[in-house]
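Here the structure comes first, spelled out in structure tokens, and everything after it is commentary.
Sequential numbering from 1 along the given sequence is applied to the chain's residues.
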Amino acid sequence: MKGSVELLTKLVSIPSPSGDEGEACRHLADALPSVGWERVEIDGVGNVVASRGSGEREIVLLGHIDTVPGGPPCALKGDCLWGRGSVDAKGPLCAFAVAGGNVPVSAGWRVTLVAAVGEETDSRGARHRIPQHAPAACIVGEPSGTDGVTIGYRGCIRLVLSAEDGGAHRSGSEGPITATVRAASDLLALVDAADSPGLPIIRRPSGAVVSMFGEERGRRTGRIELDLRLPEGCDPQDWLNAAASATERRGVSIGILAAIPPHVEDKDNAVARALRLGIRRNGLAPRILAKGGTADFNLAAAWKCPMAAYGPGDGRLDHTDGEHLPLPEYEASIAVLSSALPLLMKM
């Protein structure tokens with residue numbers, strides 16, 4: 001088996017749901033020197049961090065090693081690798097590892113690979129690394145397809161609506177369970193009212209219920225978690241203010257788990273240009289993408305450097321039971337990155 005495929009297959013075979021990435025991180029850290037990385041460590045929150053070169057100017061390849069739970073068993077079927085993480089996002093991470101470990105590093109430059117933990121939950125890995133770098137350029141490892149360059153992601157706010165009382169008869173008081181349901185409905189109605197179905201996804205809000213709990217055993221308790229996705233140009237604080245008003249009317253408390261702004265890069269920044277040229281040099285026609293999800297990309301915007309997201313895989317397979325990655329696409333993405341990274345070191 002080819003070394004690049006072996007690296008990916010082994011990593012996908014090791015489960016690494018958010019919060020339980022340790023075994024996968026240790027395996028990757030042990031494997032990275034064999035594909036060219038000079039210095040490798042596991043940092044204080046569990047990220048794998050590797051580097052090459054010693055120049056002042058840094059390119060950060062920011063991937064993530066954690067996954068959501070579940071997914072199909074890891075298996076090679078023909079020229080496809082099935083398994084949780086093959087697309088989101090161990091495929092992009094391993095493409096970074098192989099390409100970044102083999103390209104020549106120009107004088108004055110260094111290349112850093114971060115396999116971040118926790119991206120699917122609280123992004124604790126990226127949050128830990130951001131103050132420690134001031135890169136000249138960043139590529140974020142997320143599936144875009146071999147010919148796709150992603151320049152934007154929606155933001156999100158994660159809210160918990162909750163209410164409780166000491167108990168009452170339902171005929172006289174609808175109670176906290178009903179109140180939380182109605183407050184959640186009010187918020188989702190606000191999202192629907194702000195939506196314009198004809199617009200691109202990056203410019204549309206959306207909302208979804210993550211979890212619901214209600215119980216009446218004398219004391220009555222209701223709890224609903226919501227995930228609201230925020231379109232390009234939105235300020236999360238505006239949505240938080242609207243949410244606070246809507247829940248207050250229902251007598252429901254609101255807790256904020258996350259509030260992440262949307263972020264869209266210039267499609268002609270240095271990273272996007274280098275990736276497009278790398279795609280063309282490998283016989284493909286590049287596509288510019290803006291996605292409806294939220295990623296560590298949004299947090300890496302704090303670096304204020306040219307940035308784009310890239311990696312093999314069909315993002316529609318993220319988090320599904322059909323997650324799989326065609327290996328020719330994986331190998332092609334390594335070739336694209338191998339073309340693009342030297343171009344970045346000429347900027």
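For the pair Arg154/Ile202, a side-chain contact is recorded, criterion being any heavy-atom separation below 4.5 Å from C-beta on. The shortest distance between side-chain heavy atoms of Val48 and Asp43 does not fall below 4.5 Å. Taking the side chain as every heavy atom from C-beta outward, Leu230 and Pro236 approach each other to under 4.5 Å.
At a threshold of 4.5 Å between side-chain heavy atoms, the hydrophobic network of Ile, Leu, Val, Met, Phe, Trp and Tyr places Val98 and Ile65 in one connected group. Leu93 and Val140 fall into different hydrophobic clusters, where Ile, Leu, Val, Met, Phe, Trp and Tyr residues are linked whenever their side-chain heavy atoms come under 4.5 Å apart, directly or through other members. A continuous path of ILVMFWY side-chain contacts below 4.5 Å connects Phe96 to Leu327, so both sit in one hydrophobic cluster. Note on Met345 and Ile334: same hydrophobic cluster, where clusters join Ile, Leu, Val, Met, Phe, Trp and Tyr whose side-chain heavy atoms are under 4.5 Å apart, directly or indirectly. When hydrophobic clusters are built by joining Ile, Leu, Val, Met, Phe, Trp and Tyr residues whose side-chain heavy atoms come closer than 4.5 Å, directly or via intermediates, Leu228 is grouped together with Val252.
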Report the C-alpha distance between Leu277 and Arg273 in whole Å, list the side-chain angles of each, state the deciding distance to 0.1 Å, and finish with yes or no for side chain to side chain contact (heavy atoms under 4.5 Å, CB included). CA-CA 6 Å; Leu277 186 54; Arg273 288 199 312 270; over 6 Å; no

Might you work through the side chain to side chain contact (heavy atoms under 4.5 Å, CB included) test for Val60 and Trp303, ending with a clear yes or no? CA-CA 10 Å; Val60 172; Trp303 283 327; 4.0 Å; yes

Side chain to side chain contact (heavy atoms under 4.5 Å, CB included) between Ile256 and Ile157, intermediate numbers included: CA-CA 7 Å; Ile256 303 166; Ile157 54 176; 5.8 Å; no

Should Ile139 and Leu337 be marked as a side chain to side chain contact (heavy atoms under 4.5 Å, CB included) after you check the CA-CA gap, both sets of side-chain angles, and the distance that decides it? CA-CA 10 Å; Ile139 308 177; Leu337 289 163; 4.2 Å; yes

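Within 6.0 Å of atom CD in Glu248, 12 or fewer heavy atoms from other residues, nucleotides or ligands are found, so the atom counts as exposed in its surroundings. By the neighbour-count criterion of 12 heavy atoms within 6.0 Å, atom CZ of Arg170 is sparsely surrounded, having that number or fewer from other residues, nucleotides or ligands.
If you run side chain to side chain donor-acceptor pair (under 3.5 Å) between His64 and each of Glu21, Glu142, Lys90, only Glu142 comes through.
Side-chain contact of Ser18 with Glu120: a donor-acceptor pair under 3.5 Å is absent, judged by distance alone. A donor-acceptor contact under 3.5 angstrom links the side chains of Arg39 and Ser51, judged on distance only. A donor and an acceptor atom, one from each side chain of Thr180 and Arg223, are nowhere located under 3.5 Å apart.
The aromatic rings of Trp82 and His324 sit parallel, their planes meeting at an angle under 30°, below the 60° perpendicular limit.
For Arg219, the salt bridge (Lys or Arg N to Asp or Glu O under 4.0 Å) partners two or more places apart in sequence, or in a different chain, are Glu164. The salt bridge (Lys or Arg N to Asp or Glu O under 4.0 Å) test applied to Arg203 returns no partner, not counting sequence neighbours.
Between atom OG of residue Ser144 and atom CG of residue Leu275 there is a gap of 8.0 Å, rounded to the nearest 0.5 Å. For the atom pair CG (Asp66) and CG (Asp88), the distance works out to 8.5 Å, reported to the nearest 0.5 Å. In this structure, CD1 in Ile177 is found 10.0 Å from CD1 in Ile224, a value given to the nearest 0.5 Å. For the atom pair CZ of Arg229 and OG1 of Thr294, the computed distance is 4.0 Å after rounding to the nearest 0.5 Å. Annotation: the span from Leu159 atom CG to Leu240 atom CG amounts to 6.5 Å, rounded to 0.5 Å.
The pair Arg276-Asp268 counts as a salt bridge, with a side-chain nitrogen and a carboxylate oxygen less than 4.0 angstrom apart. Ion pairing between a basic and an acidic side chain is recognised when a charged N comes within 4.0 Å of a carboxylate O; Glu331 and Lys2 show such pairing.
Of all heavy-atom pairs between Ala290 and Ile201, the closest is O-CG2, 3.7 Å. The two residues Leu226 and Leu187 have their closest heavy-atom pair at CD1-CD1, 3.6 Å. Contact record, Cys80 with Pro326: SG-CA, 3.9 Å, taken as the closest heavy-atom pair. Scanning both residues, Pro143 and Asp318, for their nearest heavy atoms gives CG-OD1, 3.6 Å. Gly118 and Arg124 make their closest contact through CA-NH1, 3.2 Å (heavy atoms, listed as atom of the first residue, atom of the second, distance). Residues Leu28 and Leu7 come closest through the heavy atom pair CD1-CD1, 4.3 Å.
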List, one per line, each side-chain donor-acceptor pair under 3.5 Å for residues 305-314, sequence neighbours excluded.
{"unit_1": "Tyr310", "atom_1": "OH", "unit_2": "Thr146", "atom_2": "O", "d": "2.7"}
{"unit_1": "Asp314", "atom_1": "OD1", "unit_2": "Arg316", "atom_2": "N", "d": "2.9"}
{"unit_1": "Asp314", "atom_1": "OD1", "unit_2": "Arg316", "atom_2": "NE", "d": "3.1"}
{"unit_1": "Asp314", "atom_1": "OD2", "unit_2": "Arg316", "atom_2": "NE", "d": "3.3"}
{"unit_1": "Asp314", "atom_1": "OD2", "unit_2": "Arg316", "atom_2": "NH2", "d": "3.0"}

